[in-house]
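Here's the structure, in structure tokens; my notes come after.
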There are 2 protein chains.
Amino acid sequence: MSTAPAPSSRDLRHPASEDIRLEAVLHALSDPMRLQIVRELAVGRDELTCSQFALPVTKSTSTHHFRVLREAGVIRQCYRGTAKMNGLRRQELDDLFPGLLDALLAAADRQAVRLGEG
Amino acid sequence: MSTAPAPSSRDLRHPASEDIRLEAVLHALSDPMRLQIVRELAVGRDELTCSQFALPVTKSTSTHHFRVLREAGVIRQCYRGTAKMNGLRRQELDDLFPGLLDALLAAADRQAVRLGEG
DNA sequence: CGCTTCGTACGATAGCCATCGTAGTACGTC
DNA sequence: GACGTACTACGATGGCTATCGTACGAAGCG
């Protein structure tokens, strides 16, 4: 018992797979900033630190958006040194809602191209 | 000029296909009430009147939800006598975001079963 | 121990939104 | 015209949320 981990501000709570709600996922992705984060996470297979995203908002607001994504069950976060790593919960989302994440990402890509970003 | 249609409160404005935004669609579907409406619309192939939905809210609130769905481009509404008919814009959504609507409906079904509704 | 980097916590603010109730409009029928 | 049905419009309200700034904490590096 000597290694009981003291609760810390660095403990990150994630919903269990079975607690992920479709409505919460959709709400999380209905914000342009958060949809952008998820799109960037989806292209690389590796995790990214929060600061690797060039979001047009302050750091406070970024923190907020990452937390919304985490609490909805879309991403998983953990600390590595001073950095905070972010990764898509792809496997769990695919198990819960087969095909949904791919369809969402494809839809976002398609719209980005259509609106002249691509 | 005798047949110039006077603008009326019964004119319903719908976004054109190219003005439908993924974020707006996701936001529209992130409300449990509206997701339920869309699920019920999806099972039947016919249009339904507003009053055919047994929603646990007042009629005012229903009107609000149907309008959000229409303005997001998810449903198409038109009057038939005193009734207002509602239909999914399935073809247009499939053209814009192939596979998305099906994946969303499948995800909603799956979650309903998982949560013990089915 | 300082210093830097990275992210958090907290409070404030402004805007959006789900809900309701009441009053009203449009249509069909008698 | 009178009545009923179906839905709307408007205003209110309470809650949520995206944004910011400032101050702080945790880890690494010299």
- Item | Leu105(B) and Val38(B): CA distance, side-chain angles, deciding distance, side chain to side chain contact (heavy atoms under 4.5 Å, CB included) verdict | CA-CA 8 Å; Leu105(B) 291 169; Val38(B) 169; 4.1 Å; yes

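Across the protein-nucleic acid pair, Tyr79(A) atom OH and dG28(D) atom C1' stand 15 Å apart, rounded to whole Å. One can place CZ of Arg67(A) at 12 Å from C1' of dA18(D), the figure rounded to the nearest angstrom. Look at CD1 on Ile37(A): it is 14 Å from C1' on dG7(C), rounded to the nearest Å. The CG-P distance, from Asn86(B) to dA6(D), rounds to 14 Å in whole Å. Regarding Glu71(B), its CD atom lies at a distance of 13 Å from the C1' atom of dC17(C), rounded to whole Å. Across the protein-nucleic acid pair, Asp31(B) atom CG and dC16(D) atom P stand 14 Å apart, rounded to whole Å. Rounded to an integer number of Å, the gap from Phe66(A) CZ to dT19(D) P is 13 Å. Atom CE in Met85(B) sits roughly 19 Å away from atom P in dT5(D) (whole-Å rounding).
Listed by chain and number, the residues in a side-chain hydrogen bond (donor to acceptor under 3.5 Å, both in side chains) with Thr63(A) amount to none (sequence neighbours excluded). Scored by the side-chain hydrogen bond (donor to acceptor under 3.5 Å, both in side chains) test, Arg39(A) finds Asp109(A) as partners (sequence neighbours excluded).
Regarding contacts with the backbone of dT4(C), every side-chain N or O of Thr82(A) stays at 4.0 angstrom or more from both OP1 and OP2. Regarding contacts with the backbone of dT17(D), a side-chain N or O of His27(A) is found under 4.0 angstrom from either OP1 or OP2. In this model, the phosphate group of dA18(C) is approached by a side-chain N or O of Arg34(B) to a distance below 4.0 Å at OP1 or OP2.
Of all the residues in residues 52-65 of chain B, Val57(B), Thr58(B), Ser60(B), Thr61(B), His64(B), His65(B) reach under 4.0 Å from DNA chain C with at least one non-hydrogen atom.
Between the Gln111(A) side chain and the Leu22(B) main chain, a donor and an acceptor come within less than 3.5 Å of each other.
Here Glu47(B) pairs with Arg80(B) in a salt bridge; the nearest charged N to carboxylate O distance falls below 4.0 Å.
Considering CZ of Phe66(B) and OG1 of Thr61(B), their distance stands at 12.0 Å, rounded to 0.5 Å. Taking CZ of Arg76(B) as the reference point, atom CZ of Arg70(B) lies at 10.5 Å (rounded to 0.5 Å).
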